[in-house]
Colleague: 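Pasting in a structure now, in structure tokens, and then I'll have a few things to ask.
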Amino acid sequence: RKEVEQDPGPFNVPEGATVAFNCTYSNSASQSFFWYRQDCRKEPKLLMSVYSSGNEDGRFTAQLNRASQYISLLIRDSKLSDSATYLCVVNGGGGYNKLIFGAGTRLAVHP
Amino acid sequence: EADIYQTPRYLVIGTGKKITLECSQTMGHDKMYWYQQDPGMELHLIHYSYGVNSTEKGDLSSESTVSRIRTEHFPLTLESARPSHTSQYLCASSELRGETQYFGPGTRLLVL
């Protein structure tokens, strides 16, 4: 079983739609959680951190459910520019800030 | 934009050749990392460093080696390239106590 699991998609949605991605992680000791965005043939970039209380950044909302060990990302009012792969990332703990990356969920927003 | 650079961006090379992938950052970050990523797959950590003269192997076994003689520089070397080394190699860095990792643009390696 992978340490971080994501639905690979693709999610094909029209502009303006609301779309949600989920991710599950296996290490109950994980303390930090993130969503990264990776455009086609580009490097990953931090989209947002995920806090226990949930957090929002414009059209993006991230939620954490520690009991069920899953993380979600909600995108409202999708734009064409949101088309990318969204990577769920979990800090595996330990002293060297090891990040465990999911394989990503692909989002394609169409006109 | 993160100030982390990788060269070359693309490399096509024959089996058995020695190659060095360069990674440099100007942010003064202590921690640096090398990841390997195949298309549509997750990133796998192959090497990391806490700082100068510190290098450790990551989760994915790799025949590559790294060095950290200067804070800003973290090159990765393959002594004898093989087709199984074909992949994308991503370098990243972070502050000593920070969790956010900043990635370079990557090197796409094709070994024939």
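Note that the structure is predicted; figures quoted are calculated from it, not measured. Computation of the quantities below employed the complete heavy-atom set of this structure, encompassing side-chain atoms and omitting hydrogens, waters and symmetry-equivalent molecules. A, B, ... follow the sequence lines: proteins, then strands. Residue 1 opens every chain.
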Colleague: Is A/L73 reachable from A/V13 through a run of I, L, V, M, F, W or Y residues, each pair having side-chain heavy atoms under 4.5 Å apart?
Modeller: yes
Colleague: Supply the atom-to-atom distance B/I4 CD1 to A/E43 CD, rounded to the nearest 0.5 angstrom.
Modeller: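 Rounded to the nearest 0.5 Å, the CD1-CD separation comes out at 9.5 Å.
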Colleague: At a 4.5 Å cut-off on heavy atoms, which part of B/Q6 comes close to chain A: side chain, backbone, both, or neither?
Modeller: neither
Colleague: If you count the non-hydrogen atoms of other residues, nucleotides and ligands that lie under 6.0 Å from OH in A/Y70, is the total more than 12?
Modeller: no
Colleague: Quick one: what part of B/L90 sits under 4.5 Å from any heavy atom of chain A, side chain, backbone, both or neither?
Modeller: side chain
Colleague: Does anything in residues 104-112 of chain B get under 4.5 Å of chain A by heavy atoms, and if so which residues?
Modeller: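 Hits under 4.5 Å: B/G104, B/P105, B/R108.
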Colleague: Under a 4.5 Å side-chain heavy-atom rule over Ile, Leu, Val, Met, Phe, Trp and Tyr, are A/L47 and A/F101 clustered together?
Modeller: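 Per the 4.5 Å side-chain linkage, A/L47 and A/F101 are not co-clustered.
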Colleague: With respect to chain B, which residue among A/S32, A/P44, A/G104 yields the maximal number of heavy-atom pairs within a distance under 4.5 Å?
Modeller: A/P44
Colleague: With respect to chain A, which residue among B/Q37, B/H44, B/Q88 yields the maximal number of heavy-atom pairs within a distance under 4.5 Å?
Modeller: B/Q37
Colleague: Does a donor on one side chain and an acceptor on the other come within less than 3.5 Å for A/Q6 and B/E42?
Modeller: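 The answer is no; no qualifying pair exists.
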Colleague: Are A/L107 and A/L80 connected in the hydrophobic side-chain network, where two residues link if heavy atoms are under 4.5 Å apart?
Modeller: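 Same cluster.
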Colleague: Between A/R106 and chain B, which part of the residue has a heavy atom less than 4.5 Å away: side chain, backbone, both or neither?
Modeller: neither
Colleague: Any chance you could measure A/K45, atom NZ, to B/T100, atom OG1, to the nearest 0.5 Å?
Modeller: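 So the gap between those two atoms works out to 14.0 Å.
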Colleague: Could you go through the side chain to side chain contact (heavy atoms under 4.5 Å, CB included) check for A/V89 and B/L43 one step at a time?
Modeller: CA-CA 10 Å; A/V89 184; B/L43 280 74; over 6 Å; no
Colleague: So how far is it from A/Q38 CD to B/F103 CZ, rounded to the nearest 0.5 Å?
Modeller: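 Between atom CD of A/Q38 and atom CZ of B/F103 there are 8.0 Å.
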Colleague: Report the C-alpha distance between A/F34 and B/E99 in whole Å, list the side-chain angles of each, state the deciding distance to 0.1 Å, and finish with yes or no for side chain to side chain contact (heavy atoms under 4.5 Å, CB included).
Modeller: CA-CA 10 Å; A/F34 312 90; B/E99 293 189 302; 3.6 Å; yes
Colleague: As an exercise, state the distance from CG of A/L99 to CG of B/L45, rounded to the nearest 0.5 Å.
Modeller: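 Reported to 0.5 Å precision, the distance equals 9.0 Å.
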Colleague: Report yes or no: do A/F21 and A/L87 belong to one cluster of Ile/Leu/Val/Met/Phe/Trp/Tyr joined by side chain heavy-atom distances under 4.5 Å?
Modeller: no
Colleague: Whether the side chain of A/Y36 engages the backbone of B/Q101 through a donor-acceptor N/O pair (distance < 3.5 Å, no angle test) should be reported.
Modeller: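 Side chain of A/Y36 to backbone of B/Q101: a pair is present.
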Colleague: Would you say B/V66 ends up clustered with B/L60 if hydrophobic residues are merged whenever their side chains have heavy atoms under 4.5 Å apart, either directly or through other cluster members?
Modeller: yes
